[in-house]
> 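Okay, here's the structure, questions in a sec.
Worth knowing before you read on, the calculation uses all heavy atoms, side chains too, and leaves out hydrogens, waters and symmetry mates. All of these numbers come straight from a predicted model, not from anything done at the bench.
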Amino acid sequence: MEPINYAIVLYMKDEKSAMVKEWIKELAPVCGSDYCLETEPHITISAIIADDEELIKEEAEKLSRILKKGEINVGVIGVFNPFVLFLSPVVDSYLIESSQKANDHMLRVSEIGNKGRYIPNNWVPHMAVAMKMDKEGLYRSFERLSDIFTPFCAEIDRMALIKWEEDNPYQELAVYDLK
């Protein structure tokens, strides 16, 4: 069996998530891609590969009891050139510790995924708001986001286990409330 890609992601409380979703809805026609409309606004804190989905689910559930609620401060518009526009939170002890715990825990039963881009000290915390567009779409969406974005604070209150496959890239396998 071919290993499958999974991710551990953090979700914001509903009202802030809804705000970011509205921005994504405004950007989709401008950037020429509706890819981000298919996902919940999130920050990925671990990307892994594994071939035993049941074991990954069990470990994610255990991890959900370890991770805590926390607050993030989102204040930056960023670009992964040339095809991703994102919002970036301030990298603080909450995010660093959450990423470290998630990776330490999940890598006991899996391997590093996504070319190591989500391991501590090699990770740029971000929330994609527009993806899979051409350069002109990126320029237009950056300009539009600059007009509508205002920095914000948000409470992280949930963690999710996501499965990623080429033909179905954002499958929510489980969502857990954090304490």
> Going by heavy atoms in the side chains, are M127 and I43 under 4.5 Å from each other?
yes
> Which distance, rounded to the nearest 0.5 Å, do you find between the SG of C153 and the CE of M12?
12.0 Å
> With a 4.5 Å heavy-atom cut-off, do I8 and Y118 have their side chains touching?
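Counting from C-beta outward, I8 and Y118 never come under 4.5 Å.
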> Do side-chain atoms of S88 reach the backbone of P125 as a donor and acceptor pair under 3.5 angstrom?
yes
> Please check: side-chain N/O of W123 versus main-chain N/O of T44, any donor-acceptor pairing under 3.5 Å?
yes
> Determine yes or no for a side-chain-to-main-chain donor-acceptor pair under 3.5 angstrom, with N103 supplying the side chain and I45 the backbone.
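Yes, N103 side chain to I45 backbone: donor-acceptor pair under 3.5 Å.
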> Look at the side chain of Y176 and the backbone N and O of K62, then say whether any donor-acceptor pair between them is shorter than 3.5 Å.
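Looks like no, no N/O pair under 3.5 Å.
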> Strictly distance-based, threshold 3.5 Å: is any side-chain N or O of S141 a donor or acceptor partner for the main-chain N or O of V30?
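Checked: no pair found.
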> Mind checking who shares a hydrophobic cluster with V175, ILVMFWY linked at side-chain heavy-atom distances under 4.5 Å?
V9, Y11, I162, Y170
> Counting only heavy atoms not in E111, do more than 12 fall under 6.0 Å of its CD?
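No, the 6.0 Å shell around CD holds no more than 12 heavy atoms from other groups.
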> Please find the pair of heavy atoms, one from Y35 and one from P169, that lie closest to each other, and give the distance.
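So the two residues come closest at OH-CB, 3.5 Å.
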> Taking all heavy atoms of I24 and all of P41, pick out the closest pair and write down the distance.
CD1-CG, 4.3 Å
> I would like to know whether E61 and R65 meet side-chain contact (heavy atoms from CB on, under 4.5 Å); could you show each step before the answer?
CA-CA 7 Å; E61 202 256 315; R65 294 189 302 258; 2.5 Å; yes
> Quick one, E53 and Y6 - any side-chain contact, counting heavy atoms below 4.5 Å?
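Side chain of E53 against side chain of Y6, heavy atoms only: contact under 4.5 Å found.
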> Report yes if the side chains of L161 and I56 come closer than 4.5 Å at any heavy-atom pair, otherwise no.
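Touching, per the 4.5 Å side-chain cut-off.
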> Under the criterion side-chain contact (heavy atoms from CB on, under 4.5 Å), I'd like the reasoning laid out for I156 against L178: C-alpha separation, chi angles, the key distance, then a yes or no.
CA-CA 8 Å; I156 298 294; L178 300 177; 4.2 Å; yes
> Is V84 reachable from V79 through a run of hydrophobic residues whose side-chain heavy atoms are each under 4.5 Å from the next?
no
> Quick check: closest heavy atoms across A60 and M159, and the distance to 0.1 Å?
O-CE, 3.3 Å
> Search all heavy atoms of P89 against all heavy atoms of L87 and return the closest pair with its distance.
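Scanning both residues completely, I find the closest heavy atoms to be CD-O, 4.0 Å.
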> Is the backbone of L95 close enough, under 3.5 Å, to the side chain of S99 for a donor and an acceptor to pair up by distance?
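Judged by distance alone, no pair lies under 3.5 Å.
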> Any heavy-atom pair between the side chains of R117 and V124 that's under 4.5 Å?
no
> Using the rule that two of Ile, Leu, Val, Met, Phe, Trp, Tyr join whenever any of their side-chain heavy atoms come within less than 4.5 Å, decide whether L173 and L63 are in one cluster.
yes
> What are the two closest non-hydrogen atoms of S98 and L10, and how far apart are they?
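In this case the closest contact between S98 and L10 is CB-CD1, 4.4 Å.
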> Quick check: do L55 and E58 have side-chain heavy atoms less than 4.5 Å from each other?
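In short, these two side chains touch, coming nearer than 4.5 Å.
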> Any non-hydrogen side-chain atom of R140 less than 4.5 Å from a side-chain atom of E136?
yes
> Going from CD1 on I66 to NZ on K101, what distance comes out if it is rounded to the nearest 0.5 angstrom?
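I66 CD1 to K101 NZ: 8.0 Å, rounded to 0.5 Å.
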> Hey, could you give me the CD/CZ distance between E40 and R158, rounded to the nearest 0.5 Å?
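E40 CD to R158 CZ: 5.5 Å, rounded to 0.5 Å.
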> Atom CG in L27, atom SG in C36: separation rounded to 0.5 Å?
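Nearest 0.5 Å value for the CG-SG distance: 8.5 Å.
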> Can W23 and M19 be said to form a side-chain contact (heavy atoms from CB on, under 4.5 Å), step by step?
CA-CA 7 Å; W23 293 342; M19 177 183 75; 3.7 Å; yes
> Tell me whether N114 contacts the main-chain N or O of A47 through its side chain, where contact means a donor paired with an acceptor under 3.5 Å.
no
> Between V90 and I72, is there a side-chain heavy-atom distance shorter than 4.5 Å?
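Answer no - side chains too far apart.
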> Would you say F83 and F86 are hydrophobically clustered, going by side-chain heavy atoms of ILVMFWY under 4.5 Å?
no
> I need the L37 CG to M131 CE distance, nearest 0.5 Å.
12.5 Å
> I'd like to know if I148 and M133 are part of one continuous hydrophobic network [Ile/Leu/Val/Met/Phe/Trp/Tyr, side-chain heavy atoms within less than 4.5 Å].
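Yes.
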> Is the count of non-hydrogen atoms from other residues, nucleotides or ligands lying under 6.0 Å from N121 atom CG greater than 12?
no
> On a heavy-atom basis, which atom in L107 and which in I112 lie closest, and how many Å separate them?
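So the two residues come closest at CD2-N, 3.5 Å.
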> How many angstroms lie between CG in L85 and CD in E143, if you round to the nearest 0.5 Å?
12.0 Å
